[in-house]
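Read through the structure below, which is laid out as structure tokens, and then see the notes.
Chain A is the first sequence line, chain B the second, and so forth, proteins listed ahead of strands; every chain is numbered from 1. In what follows, every heavy atom counts, from backbone to side chain, and hydrogens, waters and symmetry copies are set aside.
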Amino acid sequence: MSAATQNTTVDQLASDLNNASLNGDANGAATLNTDVSNVNSEDQDAAGPTPTNAPHPQASASLYVGELDTSVTEAMLFELFSQIGSVASIRVCRDAISRRSLGYAYVNYNTTADGEKALEELNYTLIKGRPCRIMWSQRDPALRKNGQGNVFIKNLDVAIDNKALHDTFAAFGNILSCKVAQDESGASKGYGFVHYETDEAAAQAIKHVNGMLLNEKKVFVGHHIPKKDRQSKFEEMKANFTNIYVKNIPVEATEEEFRELFEKFGDVTSASLARDAETGKSRGFGFVNFINHEHAATAVDELNGKDFKGQDLYVGRAQKKHEREEELRRSYEAARIEKASKYQGVNLYVKNLDDDIDDEKLRELFQSFGSITSAKVMRDTPAETAEAEEKKEKDDEKNKENKDTKETKETKKEGEAETEEASAPKAKRSLGKSKGFGFVCFNNPDEATKAVSDMNQRMVNNKPLYVALAQRKDVRKSQLEASIQARNQIRMQQAAAQAGMPQQYMQAPMFFPPGAQQPGFLPQGGRGMQFPPQAGMPIPGAQGGRPGQFQAGFPPQQAGRGAPAGQQMPPNM
DNA sequence: TATGAGCGT
């Protein structure tokens, strides 16, 4: 980074910090001295931001570009990076077998200056809707893998993006990499990372920003601790617990009785029963804290499950609130997965359904194969259908009487059994329009398999059904991705063959700018193709147009262009 | 609440 830019950034930091009320507030947040123009040379720490303008160590012109969408090609990167200066070469790294992009690339410039400029001007540029992350290529993994200088920031305001984070933290030293964690839609997850070149810079950043307000939010800034290190620390903490949680305590038990019960095992610093805020009545649980762990552990061993005034106590290590919540979340997730795998092999995906087919009719179609636990036609929400309905109502005015007697019912919740149907109120509510597919779940896999072989391609209301075993959402998703990748690969090869490109260059795609002399390329000015072929570009004469299109009205295979992926599975899978 | 990914010809 140039000195001029660095100064700008520092000034900007000072002003940003002021604007963002980083200077403390009534809530007791600490005050940050952002005055970097009046540094007391004897007080290094108070000086705060100590930016370094150190050039990167290798003095190469090779950039690593990460966080790329897998569809990003060399050509797209060339278009962007050549705006900065003369690009020597670009390579998107790909899996050796599947050729799927690994999500990162190298951009090599002819000069280091251009590399620096790209780092300053192109970092976090959106490519295919995702901000790219640019670093100097650092081939020595050891330098990257020790966590030196890596800082973790949480409780970030969602408005703080990569650039804002970078600008804020650049004042403390040279940043190798900086990122705000994002969800799939690109929204901030409220935490991020700043990896400095040196530990000193990281220490300065932590010292000066931890606990400060950024966009009204008090941020935590600390050393990045990898998951496994945090976990082992947590294990150690758990192994030395002194705090105990007790439940199933008779409500008539007094604080004193409760405390006495535990004092037999050692010195207790506190023993309290949870009480209702209004009535003051015991809520039947409480906490006991011992001075030392051994006594706490003995109390758990001796008292758990023991009778206390007529009730069997639960006594265990007390969890932190978030720990307990996480445990509950995990067990919920485990239950969900178990439920999903239970459907494996018994749940059928049925598509190309006529709009007239409702849950009831779907069940009837399949009931001869065995015992059906649920049959469900996926529908738009009534709201989505409302507009269309309204229009239809006008059209149907002539047939009004007919419509009024039509059976309507509300879309049912997931997992509800169909047996309710008979007793369901025939309320005159609008039913969402059928999405043309649904799910039929059998009791056992044999019934399901038989139904697939007998019902697939069966004509129903003049439409051939597509019937297959339903796939789990994640399985389906990865299969779709693989097929798209394979399709693009074929297109690339077809395009290359058409252009007369030697096969070997398809195996190791490397983009050289037009005009660059590279061995094996067609001479300039010949009839050679523009290089490289882009995924998704139309290929004259290539077979079949859009893959997955089918003829004579028969639906494509499940891996083709079926209903939108998000609707393929019932919500319980 | 939250603690990443990542290096080739």
Side-chain angles (χ1 to χ4, degrees), chain A residues 56-58 60-70 74 77 87-96 99 101-109 115 119 123-124 130-158 160 162 165-166 175-183 187-197 202 205-206 210 214 217-234 319-330 504-505 507-512 516 518-520:
Chain A
H56 66 98
Q58 313 91 319
S60 80
S62 195
L63 297 177
Y64 165 92
V65 184
E67 324 288 320
L68 298 175
D69 186 89
T70 54
E74 279 87 351
L77 294 172
V87 170
S89 66
I90 295 180
R91 171 188 299 271
V92 169
C93 294
R94 296 177 181 279
D95 180 274
R99 306 308 299 157
S101 164
L102 296 171
Y104 65 88
Y106 296 96
V107 173
N108 303 305
Y109 280 103
L119 202 45
N123 210 359
Y124 313 122
R130 289 174 58 172
C132 68
R133 182 169 54 88
I134 308 177
M135 303 166 63
W136 289 110
S137 169
Q138 172 52 271
R139 303 202 62 187
D140 183 353
L143 289 171
R144 274 177 281 115
K145 281 183 177 151
N146 77 38
Q148 269 213 350
N150 203 5
V151 170
F152 170 68
I153 302 111
K154 68 181 174 187
N155 207 31
L156 277 175
D157 186 84
V158 292
I160 294 174
N162 289 309
L165 190 70
H166 192 284
I175 292 174
L176 300 176
S177 162
C178 166
K179 182 170 104 179
V180 171
Q182 296 185 328
D183 65 17
S188 165
K189 286 164 115 172
Y191 63 93
F193 311 89
V194 175
H195 198 157
Y196 287 101
E197 194 174 6
I206 291 165
N210 185 31
L214 276 181
K217 290 188 79 173
K218 191 170 170 176
V219 294
F220 165 90
V221 184
H223 287 286
H224 167 76
I225 302 165
K227 199 172 210 159
K228 58 178 193 309
D229 293 3
R230 276 201 321 280
Q231 231 149 28
S232 54
K233 199 160 183 185
F234 176 63
Q319 291 172 302
K320 287 260 164 61
K321 191 171 189 172
H322 73 262
E323 191 190 337
R324 173 70 183 151
E325 279 166 355
E326 194 155 306
E327 185 181 278
L328 286 172
R329 248 199 309 277
R330 260 203 308 273
Q504 73 224 61
Y505 291 99
Q507 312 302 339
M510 180 89 176
F511 184 70
F512 297 98
Q518 290 299 332

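- Scanning both residues, A:Phe193 and A:Leu165, for their nearest heavy atoms gives O-CD2, 4.0 Å.
- Between A:Tyr64 and B:dG6 there is no side-chain polar atom (N or O) within less than 4.0 angstrom of OP1 or OP2.
- The shortest distance between the side-chain N/O atoms of A:His224 and the OP1/OP2 oxygens of B:dG4 is below 4.0 Å.
- In this entry the distance linking CD of A:Glu74 with C1' of B:dG8 reads 12 Å, nearest Å.
- For the pair A:Lys154 NZ and B:dG4 P, the computed distance is 12 Å after rounding to whole Å.
- Residue contacts shown for A:Phe193 include a base, since a base heavy atom lies under 4.0 Å away.
- Residue contacts shown for A:Asp140 are absent, as no nucleic acid heavy atom lies under 4.0 Å away.
- No N or O donor and acceptor, one from the side chain of A:Ser177 and one from the base of B:dG6, sit under 3.5 Å apart.
- The shortest non-hydrogen separation linking A:His166 to A:Ile175 is O-CD1, 3.8 Å.
- At the phosphate of B:dA5, neither OP1 nor OP2 sits under 4.0 Å from any side-chain N or O atom of A:Arg133.
- The CD1-C1' distance, from A:Ile206 to B:dT3, rounds to 12 Å in whole Å.
- Counting only heavy atoms from C-beta on, A:Gln138 has its side chain closest to B:dC7 among B:dG8, B:dT3, B:dC7.
- Here the P atom of nucleotide B:dT3 and the CG atom of A:Asn146 are 21 Å apart, to the nearest Å.
- Under the rule for a side chain to side chain donor-acceptor pair (under 3.5 Å), A:Ser188 has no partner lying at least two apart in sequence or in another chain.
- Between B:dG8 and A:Arg91, no contact under 4.0 Å exists linking OP1 or OP2 to a side-chain N or O.
- Here the shortest heavy-atom pairing between A:Pro131 and A:Tyr124 reads CB-O, 3.6 Å.
- The side chain of A:His195 sits closest to B:dG4 out of B:dG8, B:dT3, B:dG4.
- Taking atom CG on A:Asp95 and atom C1' on B:dG6, their separation rounds to 16 Å, with Å as the unit.
- A:Asn155 comes within contact range of at least one nucleobase, with a heavy-atom separation under 4.0 Å.
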Scan the side chains in residues 147-158 of chain A for donor-acceptor partners under 3.5 Å anywhere in the protein, sequence neighbours excluded, and list what turns up.
from	atom 1	to	atom 2	distance (Å)
A:Asn155	ND2	A:Lys218	O	2.7
A:Asp157	OD2	A:Ala159	N	2.8
A:Asp157	OD2	A:Asn215	ND2	3.4

